[in-house]
Amino acid sequence: MTKSQTNDVATTTDINYRLDFVRFNEHLVDVTLTFTAGMDAPQLWLPAWIPGSYLMREFARHITAVHYRLIEGNLLEDDNAPTESYRAQKIDKHTWQLPKAEAGQTLNVSYEVYCYDLSVRTAYVDQQRLYGNFTSLALAVEGQEQSPVQVSLIVPAAFLADKEASNAMLACGLEASHLQSISEYGDNQQGYGLQADDYYQLIDHPFEIAIQEKFDFIIQNDAHQTLSHRFFIAGKHSANMGRLQQDVTQICQTYLSWLGDAPFNDYTFMTYASGQDYGGLEHINSTSLITPRRDLPRTDEPELPSAGYQRFLGLCSHEYFHAWWVKTVRPDVMLEVDLRKEAFTPLLWVFEGFTSYIDDFMLQASGVIDKPSYLTLLAEQINRYYQTHGRAHQSVAESSFDAWIKLYRSDENTGNAGISYYNKGALVALCLDLTLLQKSAGRYRLFDVVKAFYTQAKQNDNQRIGISSADMGAVISQFMPEADWDDFESRYVNGVEELPIEKLLTVNGIKIHADNKETADKNVPWGMSCSETPAGLKVNRVQRGSPSAKAGISANDVIVALDGIKADTKQLATLTTTQHDIDCHLFRRDELICVSVAPNADTSVSANTDIDTSSTEAKKQVSRNQSYPHKVSLRLAKFDNLSENTPNNKTTAPAWQTWLDVMTRY
């Protein structure tokens, strides 16, 4: 066979995966991969990270040995055929080579995967649920990633034994078919068949097999075409499914009313209800969510959703928007991405930050929550930003670029040294939205910027677009003067200047109340956060430049006595603002240490020790960081008075209407 003929075989022959869950009690999945080699000594590889979660997670660590057999002919007819089995050779941390195989031969590869991570990023298998992302389960064939893919999911009778067949169902964004001829483990087992155009489409479709509740709903695009949606919930819960259907339908329809159409024909929400886990991950036409069951709507859910239910709806909104803003419009380095190495970009603040602003905004735009409730959610973002001292040291662009080594690896110094591109990115998006309104005399919004990029993406053959920082500037400059964008980017994106949040909100009819009683000293005494334990007060974090830091108290210290009295939270509270120095006895590891704490020490400069305070701007920066209150609350202004020359003393509409009633524009 010639090389060209071999390549033809490689590109036209399906890649077949069989996932057998017979060892679900041991959290193991037995995977069989069958393919025709396109080259001698073919290689298999597994992604090291999953799109949407920017950390090298090294999924290959959950695979044990990989074995393979050479099959005569082009099809594997008998798994028990007496062919010799070889052990694949691992050549790096996520790549295996099959040295005995030659081009044109059909191979049968087998391996097991350990699946016991209760998150949306990997795979989890036990008696209740069979859940997986193929980035954790399916080895790719090097050079044949564009080949069509067939998958068989084999669910044994033992898994189904205590489950009603009608409630045990598959949730997946890919269309599935039932497999008919499966008899290894009894009549009650089920099999599902999935098809994908290629490996990259496959790994963008997680699946869940479990007892699940489900509802369907449809929404319409601008052309009045209906798009079908499915919503699954697994895990123990007592959610009000009717209320959830009503609210999620409103949210999804609002996105379509804004953006006109969708980059998918159907969409699947996959949700697992747990005790306290929380998270979500976007996919091309689905999302995988995990939520505390208490966040789901109750049978008697009030008309205004409870705080927990608002959080869950915000999660649904966030991941749904990602279908447009990450899966369709994405950072340029992630358009054709190698999942075996990092893809560094300064634009995660754009994709996660814009989304973190728009997700809660759309809850009120859809009418699911009211405007005061939205302002409460926004105030939480603002207070989180104010409480993060690292905002003075790391820009949101730097936070984006360093996501691979910082965001998902937080420690006791994280709040001192950096800022989240989710949190600050959302507030930069807010400021950009309000700045666009101001600079364009009310004509344009951040929503117009997003829609302009989506329109560009639809003009491409693959219906996707990758954008750079320069592209951001080029599009934003269509809606506001380029010099204003350059100034904004320099100050708030690439720089660490304090965001003009309060000024912009005030101009747009929002009243800001600073709660001076809710001080940092009350909530973070001496600039440290502690947990009360039987051994004493365990220090979790220490703010840079705080009285505790100056005294030499460190994270993981256990404070046992304050002024000679056993330390607990009440004792600490009584000494928060005392005028005299406090003797603090603590254990660091197994060594007893005594330090002296001055609760009223001046921290105005030392909180920013790496800033050259001789400069005027640095002094302003220090002053800003120390002057912000611990907590703010927001409320709507009732109305704006016109000038005194306005006839009959009439009033305008509230300024906040232009900002919050965005859907009247689309």
Side-chain angles (χ1 to χ4, degrees), residues 258-259 321 324-326 328-335 344-358 361 378 381-382 385 391-392 394-401 419-457 459 465-508 510 617 620-621 624 655 658-660 662 665-666:
W258 161 32
L259 292 161
F321 179 44
W324 290 267
W325 197 244
V326 163
T328 302
V329 181
R330 57 181 66 184
D332 54 354
V333 298
M334 296 181 188
L335 192 58
F344 295 100
T345 174
L347 289 181
L348 292 182
W349 75 270
V350 171
F351 290 93
E352 294 296 352
F354 280 24
T355 306
S356 295
Y357 168 56
I358 289 171
F361 189 98
L378 180 59
Q381 284 274 27
I382 295 170
Y385 167 75
R391 70 185 188 276
Q394 185 186 47
S395 74
V396 74
E398 291 168 339
S399 175
S400 300
F401 198 86
I419 190 76
S420 164
Y421 55 79
Y422 283 87
N423 173 225
K424 185 176 179 180
L427 297 175
V428 172
L430 164 69
C431 292
L432 180 56
D433 190 20
L434 297 180
T435 300
L436 280 161
L437 264 177
Q438 182 184 70
K439 298 297 182 180
S440 67
R443 288 178 296 168
Y444 299 122
R445 302 288 306 272
L446 183 70
F447 297 84
D448 297 296
V449 174
V450 171
K451 193 166 185 177
F453 276 119
Y454 177 53
T455 300
Q456 286 186 24
Q459 295 169 356
I465 187 174
I467 67 173
S468 64
S469 296
D471 297 323
M472 277 292 299
V475 170
I476 290 175
S477 296
Q478 298 174 19
F479 303 105
M480 65 187 279
E482 183 177 357
D484 290 327
W485 162 245
D486 290 342
D487 179 67
F488 184 98
E489 183 181 37
S490 174
R491 290 171 180 265
Y492 310 124
V493 176
N494 298 324
V496 294
E497 189 167 327
E498 201 69 74
L499 297 177
I501 300 168
E502 298 185 22
K503 177 182 177 182
L504 288 168
L505 286 176
T506 301
V507 169
N508 284 275
I510 303 301
E617 179 54 38
K620 290 180 180 178
Q621 182 69 30
R624 280 193 295 267
T658 304
W659 169 42
L660 294 177
V662 66
R665 304 162 63 95
Y666 301 102

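Since the structure is predicted, the reported quantities are computational estimates derived from the model, not experimental observations.
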Query raised in the report: Looking at Leu446, Thr658, Asn508, which one forms a side chain to side chain contact (heavy atoms under 4.5 Å, CB included) with Leu434?
Result: Asn508
Query raised in the report: Quick check, are the ring centers of Phe354 and Trp349 under 6.0 angstrom apart?
Result: yes
Query raised in the report: Any side-chain heavy atom of Phe351 within less than 4.5 Å of one from Pro331?
Result: yes
Report task. Could you grab the distance from atom CG of Leu430 to atom NZ of Lys424, nearest 0.5 Å is fine? Result -> 13.0 Å
Query raised in the report: Quick one: CZ on Arg445 to OH on Tyr666, what's the gap to the nearest 0.5 Å?
Result: 7.0 Å
Query raised in the report: Once you round to the nearest 0.5 Å, how far does CD of Glu482 lie from CD of Glu489?
Result: 10.5 Å
**Report entry** Sidechain N-carboxylate O distance under 4.0 Å for Asp448, Arg665
**Finding:** yes
Requested in this report: Go through the structure and list residues passing salt bridge (Lys or Arg N to Asp or Glu O under 4.0 Å) with Arg491, not counting sequence neighbours.
Outcome: Asp487, Glu497
Report task. Check whether NZ of the Lys or CZ of the Arg Arg391 lies under 6.0 Å from the centre of the six-membered ring of Tyr385 and within 45 degrees of that ring's axis. Result -> yes
Query raised in the report: What distance do Tyr421 atom OH and Ser395 atom OG have between them, rounded to the nearest 0.5 Å?
Result: 13.5 Å
Requested in this report: Establish, yes or no, whether a centroid distance under 6.0 Å links the rings of Phe361 and Phe447.
Outcome: yes
**Report entry** Sub-4.5 Å side-chain heavy-atom contact between Leu348 and Phe401
**Finding:** no
Query raised in the report: What distance separates Glu352 CD from Ser399 OG, expressed to the nearest 0.5 Å?
Result: 11.0 Å
Query raised in the report: Do Thr435 and Trp485 have side chains that get closer than 4.5 Å, going by heavy atoms?
Result: no
**Report entry** Results of side-chain hydrogen bond (donor to acceptor under 3.5 Å, both in side chains) for Gln381 - residues two or more places apart only
**Finding:** Arg384, Asn423
Report summary line: To the nearest 0.5 Å, atom CD of Gln478 lies from atom OG of Ser440 at 13.0 Å
Query raised in the report: When you measure from the side chain of Gln394 to the backbone N and O of Ile419, does any donor-acceptor pair fall under 3.5 Å?
Result: yes
Query raised in the report: Tell me, do Leu347 and Ser400 make a side-chain contact under 4.5 Å, heavy atoms counted?
Result: no
Report summary line: Heavy-atom nearest pair, Ile465 first then Phe453, reads CG2-O, 4.0 Å
Query raised in the report: Under 6.0 Å between the ring centres of Trp258 and Tyr454?
Result: no
Report summary line: side-chain hydrogen bond (donor to acceptor under 3.5 Å, both in side chains) filter on Trp324, not counting sequence neighbours, yields none
